Amino acid sequence: MKEILDFLRDLENNNNREWFNSNKDQYQKVLKKWYTFCESLITEIGRFDEDIAPLTIKDCTYRIYRDTRFSKDKSPYKTHFSVFLAKGGKKSMHAGYYFHIGTGNSQEYPHVHMLASGNYCYDKRAVKILREDISDDWETFSSSILGKVNGLFIPDMEGALKRVPREYDPNAPYADWMRMKAYCLTAKTNDSFLLEDNLAQRVAELFKTTKPFVDFINRAVDYVNEEIEG
């Protein structure tokens with residue numbers, strides 16, 4: 001991981017095509033190491049989530065090249081590596097397990113190193129189902145699902161509604177979950193975590209505690225998908 005971190009930090013300081021092209025060999029070297037790690041992570045998570053075991057590198061990784069067409073930031077390259085392991089692959093709209101290595105130069109995305117369980121884009125019908133299920137059985141959700149999650153993870157409220165929808169009690173213990181549009185739990189980490197041995201196994205162990213949460217979300221996603229297909 002140290003080579004990957006060093007490369008990303010160099011890239012952040014030299015985010016231009018000339019530097020990247022002259023360091024293409026080093027990029028290919030660290031990319032190979034990243035893919036090896038991702039394959040190990042697929043194996044480790046696949047031990048407790050059978051939907052992940054069949055995934056390939058293509059199913060769950062991303063290109064380093066940025067799409068700058070609609071962005072004020074015209075930097076040509078991402079300065080992070082990420083992998084998203086979800087049922088059906090990264091484009092399936094299912095909840096899954098996201099691992100992200102940035103430069104570590106701040107605690108903000110995309111620089112931060114992080115883990116996330118869930119997804120950021122759901123059909124509105126799935127969001128409606130999730131709100132109903134959580135509010136109807138908050139005790140079970142809070143104890144049997146959230147209660148099993150490692151304490152490093154917190155609900156990601158980015159992009160949430162400013163107010164609780166009118167059909168729900170704003171003073172209820174589940175009120176913040178009603179404001180969510182992207183159901184996701186995130187955990188930030190540091191260089192030391194990345195550089196210790198057995199990273200794939202350690203990341204997988206953290207994600208294992210979030211599997212009930214991922215399953216809970218995917219139940220709603222699958223219901224909507226079946227409704228659409230039917």
Side-chain angles (χ1 to χ4, degrees), residues 1-45 52 55-86 88-93 96-121 152-154 156 158-159 182 184-204 206-207:
M1 283 298 146
K2 186 177 185 305
E3 286 185 66
I4 293 175
L5 283 174
D6 289 343
F7 177 82
L8 291 175
R9 287 166 179 166
D10 286 343
L11 178 58
E12 185 175 53
N13 293 325
N14 302 277
N15 201 330
N16 60 76
R17 290 180 175 82
E18 291 75 20
W19 184 90
F20 189 84
N21 288 335
S22 64
N23 289 272
K24 199 68 172 286
D25 289 344
Q26 180 63 14
Y27 167 65
Q28 294 295 339
K29 183 178 178 181
V30 298
L31 184 64
K32 184 177 180 180
K33 290 180 179 293
W34 173 244
Y35 284 170
T36 298
F37 165 79
C38 291
E39 288 171 344
S40 296
L41 191 59
I42 291 170
T43 298
E44 293 298 328
I45 295 179
I52 304 305
L55 296 178
T56 66
I57 289 296
K58 186 177 180 180
D59 294 326
C60 56
T61 57
Y62 301 87
R63 288 161 51 87
I64 200 169
Y65 306 98
R66 294 183 65 246
D67 183 351
T68 61
R69 291 173 298 172
F70 308 107
S71 174
K72 292 181 180 179
D73 180 4
K74 299 302 180 182
S75 302
Y77 307 104
K78 300 171 187 174
T79 55
H80 62 272
F81 284 146
S82 58
V83 56
F84 182 47
L85 308 175
K90 61 191 177 187
K91 297 180 180 180
S92 69
M93 307 297 287
Y97 314 92
Y98 177 82
F99 184 62
H100 173 112
I101 296 180
T103 59
N105 292 331
S106 86
Q107 287 294 293
E108 301 300 320
Y109 181 89
H111 309 287
V112 68
H113 313 314
M114 63 179 288
L115 299 83
S117 291
N119 203 337
Y120 284 95
C121 185
L152 290 175
F153 288 93
I154 60 172
D156 189 343
E158 184 175 352
C184 195
L185 302 171
T186 61
K188 296 179 180 180
T189 186
N190 54 32
D191 287 2
S192 296
F193 178 84
L194 297 182
L195 297 175
E196 291 176 8
D197 292 338
N198 304 314
L199 179 61
Q201 293 93 327
R202 290 185 289 110
V203 170
L206 288 172
F207 278 140

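The shown structure was predicted, so the numbers you read here are calculated from the model rather than taken from an experiment.
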Ring centres under 6.0 angstrom apart (Tyr62, Phe84): no
His111 and Tyr109: aromatic ring centres closer than 6.0 Å? no
Between [X] and [Y], does any side-chain donor sit less than 3.5 Å from a side-chain acceptor?
| X | Y | answer |
| --- | --- | --- |
| Asn119 | Tyr98 | no |
| Asp73 | Ser71 | no |
| His113 | Asn190 | no |

State, with a plain yes or no, whether a side-chain heavy atom of [X] is found less than 4.5 Å away from one of [Y].
| X | Y | result |
| --- | --- | --- |
| Pro76 | Arg66 | no |
| Leu195 | Leu5 | yes |
| Phe99 | Phe37 | yes |
| Leu8 | Ile101 | yes |
| Pro110 | His100 | yes |
| Phe81 | Val30 | yes |
| Tyr120 | Asp156 | yes |
| Leu11 | Phe20 | yes |

Checking side chain to side chain contact (heavy atoms under 4.5 Å, CB included) against Ile52, which of Leu85, Leu41, Asp59 comes through? Leu85
Within a 6.0 Å radius of atom CD on Glu108, are there more than 12 heavy atoms belonging to other residues, nucleotides or ligands? no
Exceeds 12 heavy-atom contacts within 6.0 angstrom, atom NZ of Lys74: yes
Taking all atoms of both residues into account, what is the closest heavy-atom pair of Thr186 and Ala116, and its distance? CG2-CB, 3.9 Å
Find the distance between [atom1] ([X]) and [atom2] ([Y]) and round it off to the nearest 0.5 Å.
| X | Y | atom1 | atom2 | result |
| --- | --- | --- | --- | --- |
| Met1 | Asp6 | CE | CG | 12.5 Å |
| Met114 | Ser82 | CE | OG | 9.5 Å |
| Gln201 | Glu44 | CD | CD | 4.5 Å |
| Lys33 | Ile4 | NZ | CD1 | 8.0 Å |
| Ile45 | Phe207 | CD1 | CZ | 5.5 Å |
| Thr79 | Asn13 | OG1 | CG | 10.0 Å |

Determine, for Asp191 against Arg9, whether the closest basic-nitrogen to carboxylate-oxygen distance falls under 4.0 angstrom. yes
For the backbone of Gln107 and the side chain of Lys188, can you confirm whether one donor and one acceptor N or O come within less than 3.5 Å of each other? yes
Please enumerate all residues that pass side-chain contact (heavy atoms from CB on, under 4.5 Å) together with Ile57, with sequence neighbours excluded. Tyr35, Cys38, Glu39, Thr61
Check against side chain to side chain contact (heavy atoms under 4.5 Å, CB included), Thr68 and Ser75: CA-CA 7 Å; Thr68 61; Ser75 302; over 6 Å; no
Checking Arg202 against Phe193: charged group under 6.0 Å from the ring centre and within 45 degrees of the axis? yes
Not counting sequence neighbours, list each pair that qualifies as a side-chain hydrogen bond (donor to acceptor under 3.5 Å, both in side chains) and has a residue in residues 15-30. none
